[in-house]
Protein chains: 2
Amino acid sequence: MLHVAEAARVSVATVSAVLNGTATVSPELTQRIEQAIRDIGYKRNAIARSLKMGTTRTIGLTVPHITNPFFTDVVSVIQQAFDRAGYAVMLCCTDEDLNTQDDQIRLLLDRMVDGLIVARVGDGGILKGIVGDANVPVVLLDRLCDGVDTDAVVLDNQRAVFDAVTYLIHLGHRRIGYITGASDISPMHDRMIGYREALQAAGLPVAEELIRSGNFHEIDGYNATMQLLSLHDRPSAIFSANNPMVIGTMKAIRDIGLSCPEDISVACFDDFPWSDVFVPQLTTVAQPVQAIGEQAANLLLDRLAGNREAPPRKLVLKGRLMIRNSCRPLGALAQSVSA
Amino acid sequence: MLHVAEAARVSVATVSAVLNGTATVSPELTQRIEQAIRDIGYKRNAIARSLKMGTTRTIGLTVPHITNPFFTDVVSVIQQAFDRAGYAVMLCCTDEDLNTQDDQIRLLLDRMVDGLIVARVGDGGILKGIVGDANVPVVLLDRLCDGVDTDAVVLDNQRAVFDAVTYLIHLGHRRIGYITGASDISPMHDRMIGYREALQAAGLPVAEELIRSGNFHEIDGYNATMQLLSLHDRPSAIFSANNPMVIGTMKAIRDIGLSCPEDISVACFDDFPWSDVFVPQLTTVAQPVQAIGEQAANLLLDRLAGNREAPPRKLVLKGRLMIRNSCRPLGALAQSVSA
DNA sequence: AACGCTAATCTAAACGTTTCGAATGTGTCA
DNA sequence: TGACACATTCGAAACGTTTAGATTAGCGTT
């Protein structure tokens with residue numbers, strides 16, 4: 001900027017003024033300065049600007065796993081939204097590990113991000129400390145957090161699973177296996193409630209041996225399914241509470257020599273682009289990823305625009321059951337269908 | 001830092017010294033300073049540090065689409081690698097659009113990223129200007145760029161497609177449809193050569209009507225496949241040169257009332273987690289995503305570590321044909337197999 | 001006791017912006 | 001003609017670090 005000022009024979013203050021349009025400067029000088037900027041190929045140093053202004057126009061985004069297609073899609077939407085608003089996005093993957101998440105949040109705060117969108121992990125860790133206390137607004141994504149009262153956008157997980165399991169019950173299924181992630185994650189907790197309530201609402205018992213818990217990974221889904229299928233009275237349907245785990249479920253079914261939906265019905269949480277391309281076409285609970293991402297971005301952008309005082313806002317969106325052909329009717333229903 | 005210095009009754013220079021270990025300071029003061037840091041909860045301002053040091057310990061990463069599973073995986077690997085090295089990653093999606101890419105590269109450079117990893121789009125745009133000229137090292141990912149002579153890691157695309165198409169020919173296929181992306185993207189260009197060479201090596205003609213070009217999206221693959229399948233002498237196999245497009249291919253086959261592999265064989269570029277879970281299990285060319293991401297990260301980290309003078313390094317990795325059951329033998333071969 | 005050497009600490013400039021308040025010039029009005 | 005308002009422009013401080021070079025203190029030598 002100094003060079004530009006010299007070339008245009010003005011002070012740096014004037015250059016700054018035309019750059020930001022913050023004061024009226026004569027057409028003549030404006031012209032000279034713009035010319036000098038072009039000649040020199042000057043680019044304003046955003047770091048220096050950030051230091052002075054106290055804002056970086058950068059936000060931090062942390063997700064457990066970017067390879068989970070749900071998060072992939074949401075990250076993509078969020079990135080686009082902030083891009084439009086002139087913000088950069090720093091992306092971190094926490095690998096479902098609380099220490100990693102804490103490290104990365106520290107990394108982001110050190111770099112003075114203006115805001116944070118967090119699909120949190122564990123019990124929240126340092127997140128609890130920075131919400132409210134600090135000056136950086138936080139939006140929780142997908143997962144609420146005890147003791148962290150801030151903006152959030154989540155799914156009505158309970159209702160979504162309730163609907164899906166009720167659908168299975170209507171098809172005639174009575175013993176429905178359920179594979180979940182760690183229950184200290186709010187969506188997993190809520191989904192579990194939805195499962196239990198659906199059974200209870202239909203007057204069915206909740207058999208604890210049909211409930212298996214894993215750590216979100218494909219291998220966990222595989223092992224859980226193996227256990228369910230070796231039960232002496234094995235389930236006729238399995239609901240898998242997240243996407244990577246259902247891959248494990250499908251592989252376990254294949255490896256054990258069964259097929260879906262003939263021998264066992266499968267439904268799962270999270271839709272993905274291939275859902276209706278292959279056989280079986282999976283019945284899933286689709287999350288409105290576009291809306292989730294946009295709402296999260298909007299909540300944060302609103303705070304960044306200065307609206308700091310509004311009380312925390314919690315947006316709850318609805319899932320949608322995508323009925324395909326991975327679940328088959330049982331008993332009397334099966335008769336009427338095949339007839 | 002000023003507050004820490006006052007609390008510990010020392011100068012800021014001394015605080016800086018213990019923070020960075022850049023000078024010997026007495027145990028007594030060290031102790032006092034560390035105590036003050038804890039008391040105050042002081043965190044060093046990375047922006048001010050960046051301004052002074054001229055380095056941000058942040059890199060920029062741009063990819064065309066993060067929802068393409070190939071890029072998802074590579075982004076994930078790269079993010080982890082830089083995380084380990086204490087770098088933050090700014091992620092941008094260019095949406096296969098050159099102007100968007102230029103905007104985002106400018107955004108990243110404004111923010112003074114220390115380096116750039118780019119899966120470029122279009123003809124490179126301002127990329128050409130910043131390589132060599134500027135002080136920020138650039139690593140090309142997946143896609144080379146004419147006129148941009150810098151570090152790169154790519155696949156041997158030509159060979160990979162050559163092998164895949166040769167495999168189809170060995171199965172007895174003679175008319176093999178080929179669906180590609182824009183040919184100004186180096187991988188697409190190279191893959192096309194591999195396709196042509198495989199046919200030529202087998203003494204087969206290259207029928208131009210079997211070659212269709214799209215813009216990487218599912219819908220493009222769908223339309224191209226529709227066209228191929230309505231040819232009066234339709235192909236017996238289709239090779240789709242990227243992942244989103246093969247979804248379109250599968251949907252088109254389904255919608256037109258055919259099935260894979262009975263009526264038409266399909267193979268494609270890029271493996272994905274579901275490849276072997278559903279029916280048909282897709283035969284794919286798997287890229288070594290882990291290696292690609294790590295090598296790209298290593299190339300850049302090496303430059304960041306100060307090795308600026310070494311000539312550009314180009315790493316070419318091998319793809320791997322994952323033979324599953326989406327391609328069936330034809331003619332005499334089919335006889336012997338079914339016998 | 002004067003000297004030099006080393007180790008520990010500090011002062012102050014610099015990084016590249018923004019912005020407040022001061023300075024300068026021009027025109028208007030009494 | 002002098003006073004005043006207004007429009008432009010500028011000087012310099014500030015943002016929070018790092019670091020070169022200055023200063024000080026302690027100690028062993030002669």
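Atoms considered below: every heavy atom in the structure, side chains included; atoms not considered: hydrogens, waters and symmetry mates. Quick note on labels: first sequence line is chain A, next is B, and so on, each numbered from 1.
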Look only at the side chain of B:D110 and the backbone of A:A46, and say whether a donor-acceptor pair between them is shorter than 3.5 Å. no
Polar side-chain atom of A:T150 near backbone of A:V139 as donor-acceptor pair, under 3.5 Å: no
Do side-chain atoms of B:S50 reach the backbone of B:T55 as a donor and acceptor pair under 3.5 angstrom? yes
Going 5' to 3' through nucleotides 15-26 of chain C and flagging B where a protein heavy-atom sits under 4.0 Å of the base, S where only the sugar-phosphate is that close, and - otherwise, we get BBBBB-------
Find the distance B:R9:CZ to C:dA8:C1' and express it as a whole number of Å. 16 Å
Would you find a donor on one side and an acceptor on the other, under 3.5 Å apart, between the side chain of B:D102 and the backbone of B:I126? yes
Measure from the side chain of B:T24, starting at C-beta and using heavy atoms only, and say which of D:dG11, D:dT8, C:dA8 lies closest. C:dA8
Just to verify, what does A:H65 make a side-chain contact (heavy atoms from CB on, under 4.5 Å) with, not counting sequence neighbours? A:T67, A:N68, A:D95, A:E96, A:H217
At a heavy-atom distance below 4.0 Å, what parts of residues 102-112 of chain A sit against DNA chain D? none
Against the six-membered ring of B:F216, is B:R143 placed for a cation-pi contact (under 6.0 Å from the centre, within 45° of the normal)? yes
Compute whether any side-chain donor of one residue and acceptor of the other, for A:T56 and A:R111, lie under 3.5 angstrom apart. no
Electrostatic pair A:R38-A:E34, nearest N-O below 4.0 angstrom: no
